[in-house]
J.: 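Pasting a structure below so you can have a look.
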Amino acid sequence: MEIIRTRRYDVDQIVHPVVRWFRREREDLPWRRTRDPYRILVSEVMLQQTQVATALPYYGRFLARFPTARALARARLDDVLKAWEGLGYYARARNLHRAAARLDPFPRTVDGLRRLPGVGPYTAAAVASIAFGVAAPVVDGNVRRVVSRLLATADMKKIRAWLEANIESPGDFNQGLMELGRRVCAPRNPRCRLCPMSKSCRAFARDVVDKFPPRKKSKPLPHHDVGLGVVWRRGRVLIQRRREDGLLGGLWEFPGGKRRPRESYEACVRREIRQEVGIAVAVRASIAVVDHAYSHFKVSLHAYACDYVAGRPRGDVRWARLRELDRFAMPAANRALLASMAPSAYNQKR
Ligand code: SF4
């Protein structure tokens with residue numbers, strides 16, 4: 001027989017057990033040891049699209065470098081991107097840098113937080129609930145999965161309405177649901193016997209846990225072949241800065257671009273460097289191929305050692321010694337390329 005659920009039932013039998021479970025079982029994470037809304041905001045921005053274990057070392061280093069919103073606002077974007085290097089989704093770092101100038105006073109409402117660059121409904125609700133106790137539900141992938149199973153529904157409107165109607169102790173309830181999704185109600189093989197909601201979970205009671213939420217068929221990611229040039233001139237290599245408003249915006253990389261159909265990589269590298277940077281190069285030798293996956297596509301970077309021939313480079317470019325490249329924020333694929341180059345192939349001073 002289906003239990004008739006009232007709000008009181010849901011709060012007593014679901015919300016309070018989740019909050020108690022979270023207070024007892026929660027992982028000791030650095031952003032849970034602070035009430036400073038700036039530090040909570042930094043953690044929530046880092047945790048967008050990123051696993052806790054990946055974000056952890058970045059969080060400590062970032063806050064050691066930029067301990068306050070004012071320090072972050074005063075920093076150069078290059079330094080912020082360098083501190084973010086390897087974490088991906090660099091628009092987060094650029095937006096956080098811009099937002100830092102608008103955190104005095106720190107916005108305490110969901111609407112106020114949403115006016116900050118890069119802060120969407122998820123991050124605004126997370127920061128408002130955790131830092132200020134605002135009753136704003138957070139809906140990320142983990143929460144969606146947990147509540148979809150709890151209610152045995154795929155309907156996002158019902159999931160949101162249930163959360164909005166029942167939220168209590170908002171900071172701990174939101175974090176409790178997220179942590180349950182991460183550690184107990186996992187996408188595969190959830191550990192229902194350990195779950196504080198198992199007595200009220202409809203999917204568990206009906207033995208249909210694996211039906212919720214329904215899985216979307218993922219399409220294969222498109223793949224691009226890219227030709228890159230490591231262009232040498234007088235012991236230095238050429239790097240260029242990407243435009244700030246696009247993918248990997250503001251990061252430094254070796255020049256190059258997508259290969260056209262039937263074009264050789266050598267021709268691609270010469271053409272791309274001429275078009276993008278305005279210089280002529282002689283392609284000398286293949287030095288490495290690096291495969292990298294982004295969220296929406298995959299690339300294979302085919303890197304070639306080149307010699308500068310003629311022209312004045314245009315755009316935001318630098319001639320840098322290899323040992324100086326550590327100072328520049330570079331995309332992971334360019335870093336992997338540097339690491340994979342055989343010293344004999346690239347370390348020649350020309
Ligand atoms: Fe998830 Fe199982 Fe808990 Fe239901 S009982 S919320 S399926 S872990």
Side-chain angles (χ1 to χ4, degrees), residues 1-29 31-32 43-44 47-56 120-130 133-218:
M1 193 180 72
E2 189 87 45
I3 298 169
I4 308 291
R5 295 212 314 214
T6 60
R7 179 176 191 278
R8 199 62 259 159
Y9 174 91
D10 281 354
V11 169
D12 288 346
Q13 301 299 319
I14 300 171
V15 177
H16 290 168
V18 169
V19 169
R20 280 198 298 273
W21 176 87
F22 176 70
R23 288 175 182 167
R24 198 176 60 240
E25 301 285 337
R26 68 180 165 187
E27 260 185 86
D28 179 27
L29 298 170
W31 45 86
R32 291 185 177 154
S43 73
E44 288 302 332
L47 290 169
Q48 295 165 6
Q49 327 265 2
T50 301
Q51 308 266 343
V52 168
T54 309
L56 266 173
Y122 164 83
T123 305
V127 174
S129 63
I130 296 167
V134 174
V138 166
V139 188
D140 69 350
N142 282 326
V143 174
R144 177 172 165 259
R145 181 173 61 257
V146 172
V147 183
S148 168
R149 289 171 174 174
L150 173 71
L151 305 179
T153 181
D155 185 337
M156 272 312 294
K157 280 193 190 141
K158 285 189 186 156
I159 291 172
R160 273 182 196 285
W162 185 87
L163 287 165
E164 274 163 17
N166 293 292
I167 190 164
E168 286 201 3
S169 304
D172 286 352
F173 181 53
N174 281 337
Q175 292 182 88
L177 284 179
M178 288 189 272
E179 188 141 335
L180 263 179
R182 197 160 57 80
R183 291 171 50 198
V184 177
C185 191
R188 292 177 203 284
N189 304 321
R191 300 187 299 160
C192 300
R193 304 277 163 208
L194 301 178
C195 177
M197 306 195 293
S198 58
K199 286 197 196 104
S200 309
C201 178
R202 290 187 176 143
F204 180 52
R206 298 173 196 166
D207 198 18
V208 289
V209 166
D210 56 353
K211 301 267 186 296
F212 294 98
R215 285 187 215 289
K216 288 183 199 145
K217 279 203 181 134
S218 51

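Please read these numbers as outputs of a predicted model, since none were measured by experiment. Start at 1 and go down the list; that is how both ligands and their atoms are numbered. By convention here, the first residue in the shown sequence is residue 1. Basis for what follows: all heavy atoms, side chains included, without hydrogens, waters or symmetry-related copies.
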J.: Who pairs with D207 by salt bridge (charged side-chain N to carboxylate O under 4.0 Å, His left out), at least two apart in sequence or on another chain?
T.: none
J.: Any salt bridge (charged side-chain N to carboxylate O under 4.0 Å, His left out) involving residues 136-161? Give me the pairs, sequence neighbours left out, ordered by first then second residue.
T.: none
J.: Does T50 reach the main-chain N or O of Q48 with its side chain, forming a donor-acceptor pair under 3.5 Å?
T.: yes
J.: Restricting to under 2.8 Å, identify the protein N, O or S atoms around atom 1 (Fe) of ligand 1 as residue plus atom.
T.: C185 SG
J.: Under 3.5 Å, side chain of S148 to main-chain N/O of T153, donor-acceptor pair present?
T.: yes
J.: Once salt bridge (charged side-chain N to carboxylate O under 4.0 Å, His left out) is applied, what residue pairs with a partner in residues 162-181 remain, sequence neighbours excluded?
T.: R7-E168, R23-D172, R32-E179, E179-R182, E179-R183
J.: How about CZ on R193, more than 12 heavy atoms from neighbouring residues, nucleotides or ligands closer than 6.0 Å, or not?
T.: no
